[in-house]
Amino acid sequence: MESDGLMGWQKGTVLFLGVMALAACDGREESAIDNLANGANAAQVQNNVRAEAQALMEPLAPPLPGSPGGLPVLSEPPIDEDAIDPDSAQGAAQVVQGYYGLLEEKRYNDAQDLWNENGAIGSEEDVLFAARFRGFSEIHANVGAPGEAEGAAGSLYVTVPVQVYGRVAATGKPWYTLRQVTLRRVNDVPGSSEADRRWHIESIGPYTAPEEPAGEAAANAISPTDGMVRKP
């Protein structure tokens, strides 16, 4: 849905003034105004000033895998994308990768199409879906290894961990979080359509680390005597 032209102009003006304020800190405001006065394209000047202002911001540095806030460390080497079966758990992870790639490009309508169209988020107004991301000037993601696909009532479900990071529009500050995407597809049952058999996003929520098997948990438990020197 297209926004009203006047409102779009107003929003663009506010954003431009914001980045101009950032640029003014080191004298580039005068240069930008000179460019406008000399007939330069306003949108291009705005983009140039924004790029220069962002260069002064705190860089985005998401936590590394295995560290607090980072994705789990991969236990196996990554699979070649060309060899991935789209119906497999790795295929579901590719859908997640595509979803956040679309958000990164601000293609919100296309991103919403990857949700279950019968769910609350997949069926909401496109402007409402896009508004969910209004607070960020940029969004990126690192996608982790998917869990095992599990079956229930003729459907398959899989969860995919994802590290989402970006920049808060109001402050320019970095923002990081770990999330967990649950995807579903109808199993290969009679009467199901091709669309039913594709992975769709069912929900996105806080990341939950997988539980360790009982044997491993016991083996990894910390003993009260760990680190103590045995007496002779």
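No hydrogens, no waters, no symmetry mates; every other heavy atom, side chains included, goes into these values.
For the pair M57/R167, a side-chain contact is recorded, criterion being any heavy-atom separation below 4.5 Å from C-beta on. Using a 4.5 Å heavy-atom threshold, the side chains of R198 and P86 count as separate. The shortest distance between side-chain heavy atoms of V164 and Y100 falls below 4.5 Å. At least one side-chain heavy atom of L178 sits under 4.5 Å from a side-chain heavy atom of L71. In this structure the side chain of E148 never reaches within 4.5 angstrom of the side chain of V158, judged on heavy atoms. Side chains of L114 and L102 form a contact here, defined as non-hydrogen atoms less than 4.5 Å apart.
Without hydrogens or angle criteria, Y176 side chain to G70 main chain gives no donor-acceptor distance under 3.5 Å. Put simply, the side chain of Q90 never gets that close to the backbone of P146: no donor and acceptor are under 3.5 Å apart. Remark: side-chain polar atoms of Q180 are not paired, donor with acceptor, to backbone N or O of V160 under 3.5 angstrom. With hydrogens and angles disregarded, no donor-acceptor distance shorter than 3.5 Å links the side chain of E138 to the backbone of A169. Panel note: side chain N187, backbone V189; no donor-acceptor pair is recorded below 3.5 Å. In this structure, the side chain of K106 engages the main chain of S137 through a donor-acceptor pair within 3.5 Å.
Residues Y157 and I121 are members of separate hydrophobic clusters, defined by side-chain heavy-atom contacts under 4.5 angstrom among Ile, Leu, Val, Met, Phe, Trp and Tyr. In the hydrophobic clustering of ILVMFWY residues, with side-chain heavy atoms under 4.5 Å counting as a link, L156 and I84 come out apart.
Within a 6.0 Å radius of CD in E150, no more than 12 heavy atoms belonging to other residues, nucleotides or ligands are found. For K173, the NZ atom counts as loosely surrounded, since its 6.0 Å shell holds 12 or fewer non-hydrogen atoms of other residues, nucleotides or ligands. Heavy atoms from other residues, nucleotides or ligands lying under 6.0 Å from CD of E105 number more than 12.
A salt bridge does not link R185 to E202: none of the charged nitrogens lies less than 4.0 Å from a carboxylate oxygen.
Shortest non-hydrogen contact noted between G147 and A89 is O-CB, 3.5 Å. G91 approaches W199 most closely through the heavy-atom pair C-CD1, 3.9 Å. Across S192 and V186, no two heavy atoms sit closer than the pair CB-CG1, 3.8 Å. Here the closest heavy-atom approach between residue P161 and residue A145 is recorded as CD-O, 3.1 Å. In plain terms, the two heavy atoms of P63 and P68 that are nearest each other are CB-O, 3.4 Å.
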Passes side chain to side chain contact (heavy atoms under 4.5 Å, CB included), F133 versus L103? Steps please. CA-CA 8 Å; F133 312 100; L103 293 183; 3.8 Å; yes
I'd like to know whether I201 forms a side chain to side chain contact (heavy atoms under 4.5 Å, CB included) with T182, so could you lay out the CA-CA distance, the side-chain angles of the two residues, the decisive distance to 0.1 Å, and finally the verdict. CA-CA 6 Å; I201 298 173; T182 300; over 6 Å; no
Can V143 and Q94 be said to form a side chain to side chain contact (heavy atoms under 4.5 Å, CB included), step by step? CA-CA 9 Å; V143 178; Q94 282 191 317; over 6 Å; no
Can you list the steps and then say if R132 with Q112 is a side chain to side chain contact (heavy atoms under 4.5 Å, CB included)? CA-CA 11 Å; R132 293 173 177 271; Q112 188 180 14; over 6 Å; no
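Note that the CD atom of E104 and the CD1 atom of I139 stand 9.0 Å from one another [nearest 0.5 Å]. Note that the OG atom of S155 and the CZ atom of R197 stand 12.5 Å from one another [nearest 0.5 Å]. Note that CZ of R179 and OH of Y207 are 13.5 Å apart. Values are rounded to the nearest 0.5 Å. Taking CZ from F129 and OG from S123, the interatomic distance works out to 11.5 Å, rounded to the nearest 0.5 Å. Here N142 contributes atom CG and L64 contributes atom CG; the two are 9.5 Å apart, rounded to the nearest 0.5 Å. Annotation: the span from Y99 atom OH to I204 atom CD1 amounts to 4.5 Å, rounded to 0.5 Å.
Ring centroid separation for the pair W175 and Y165 does not come in under the 6.0 Å cut-off.
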